Amino acid sequence: ILNDLENVMSGMYNKSIIETKIGEAEVREVFKFSKVGAIAGSYVTDGKLIRNHVVVKRKDKELYKGKLSSLKRFKDDVKQVETSYECGIVTDGFSQYEPGDIIECFDIREE
């Protein structure tokens, strides 16, 4: 029984995490609100953005890695935004956006 348990536990720790880039957006304008913090007014330049894991980069330097807490198109809450559309982005725990920042959206899976 201990050997079987050991084999199961070792299989759990050997899972690899695969990050697949889904889309990319450029921050065009930053809007400050007291309740929300900062909203990144962005333009989707590649792929699509969905409510998933994101990385915020400035000049190829990673500033934040986490999740989107809000994705809006105009005043509507949306699940995804396609290429060539504008959207508002709020992330959990990050609000120091600047125009020109790049927000990349990733899908993370375990194998």
Side-chain angles (χ1 to χ4, degrees):
I1 294 174
L2 289 176
N3 287 338
D4 289 340
L5 185 59
E6 198 171 296
N7 289 336
V8 168
M9 293 298 286
S10 66
M12 289 173 61
Y13 291 115
N14 290 334
K15 290 183 180 179
S16 61
I17 296 174
I18 298 173
E19 289 185 356
T20 307
K21 184 176 172 183
I22 298 172
E24 183 177 293
E26 179 185 350
V27 176
R28 298 275 173 96
E29 183 97 22
V30 180
F31 305 97
K32 304 269 185 184
F33 291 97
S34 59
K35 292 181 182 178
V36 180
I39 298 174
S42 305
Y43 180 78
V44 181
T45 57
D46 183 36
K48 63 184 175 181
L49 292 185
I50 61 173
R51 290 180 177 228
N52 216 339
H53 293 36
V54 294
V55 174
V56 179
K57 293 182 177 181
R58 184 175 301 145
K59 297 179 183 173
D60 294 327
K61 191 178 208 180
E62 189 175 298
L63 300 176
Y64 170 79
K65 192 170 192 175
K67 285 194 161 247
L68 283 180
S69 59
S70 177
L71 182 63
K72 294 197 180 239
R73 176 113 172 89
F74 297 108
K75 292 189 177 193
D76 298 325
D77 216 15
V78 294
K79 292 182 181 180
Q80 70 180 23
V81 179
E82 301 288 333
T83 303
S84 301
Y85 287 103
E86 295 177 334
C87 61
I89 297 171
V90 178
T91 53
D92 294 329
F94 183 78
S95 61
Q96 290 84 32
Y97 304 106
E98 288 183 8
D101 287 353
I102 301 297
I103 299 175
E104 295 178 346
C105 183
F106 289 93
D107 183 32
I108 297 178
R109 296 180 188 213
E110 292 182 358
E111 284 191 356

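Fair warning: this is a prediction, and the values are worked out from it, not measured in the lab.
- Hydrophobic clustering (side-chain heavy atoms under 4.5 Å, transitive across Ile, Leu, Val, Met, Phe, Trp, Tyr) keeps Val54 apart from Val90.
- Pairing each heavy atom of Lys21 with each of Glu104, the nearest pair is NZ-OE2, 3.7 Å.
- Within the structure, no pair that satisfies the salt bridge (charged side-chain N to carboxylate O under 4.0 Å, His left out) test touches residues 84-96, not counting sequence neighbours.
- The structure places SG of Cys105 at 9.0 Å from NZ of Lys48, a figure rounded to the nearest 0.5 Å.
- Sorted by first and then second residue, the ring-ring contact (aromatic ring centres under 6.0 Å, His included) pairs involving residues 51-75 (not counting sequence neighbours) are Tyr64-Phe94.
- In this structure Glu19 satisfies the side chain to side chain donor-acceptor pair (under 3.5 Å) test together with Lys65, sequence neighbours excluded.
- Residues Gly100 and Glu26 share a closest heavy-atom pair of CA-OE2, 4.2 Å.
- If you take OG1 on Thr91 and NZ on Lys67, they are separated by 12.5 Å, rounding to the nearest 0.5 Å.
- The CG atom of Leu49 lies 6.5 Å from the CG atom of Leu71; values are rounded to the nearest 0.5 Å.
- For the side chain to side chain donor-acceptor pair (under 3.5 Å) test, residues two or more places apart in sequence or in another chain that qualify with Glu82 are Gln80.
- Checked against salt bridge (Lys or Arg N to Asp or Glu O under 4.0 Å), Asp107 has the following partners two or more places apart in sequence or in another chain: Arg109.
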Would you be so kind as to tabulate the donor-acceptor pairs closer than 3.5 Å made by side chains of residues 33-45, with sequence neighbours excluded?
| unit_1 | atom_1 | unit_2 | atom_2 | d |
| --- | --- | --- | --- | --- |
| Ser42 | OG | Ala40 | O | 3.2 |
| Thr45 | OG1 | Glu24 | O | 3.3 |

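- Rounded to the nearest 0.5 angstrom, Ile102 CD1 and Lys59 NZ are separated by 12.5 Å.
- Judged as a salt bridge (Lys or Arg N to Asp or Glu O under 4.0 Å), and not counting sequence neighbours, the contacts of Glu98 are Arg58.
- Applying the 4.5 Å side-chain rule to ILVMFWY residues, one finds Val55 in the same cluster as Phe106.
- With sequence neighbours left out, Arg51 forms a salt bridge (Lys or Arg N to Asp or Glu O under 4.0 Å) with Asp77.
- Alongside Ile50, the hydrophobic cluster contains Ile22 (criterion: ILVMFWY side chains under 4.5 Å).
- Closest heavy-atom contact between Asp46 and Thr83: C-OG1, 3.7 Å.
- A continuous path of Ile, Leu, Val, Met, Phe, Trp and Tyr side chains, each step under 4.5 Å between heavy atoms, connects Tyr85 with Leu68, placing both in one hydrophobic cluster.
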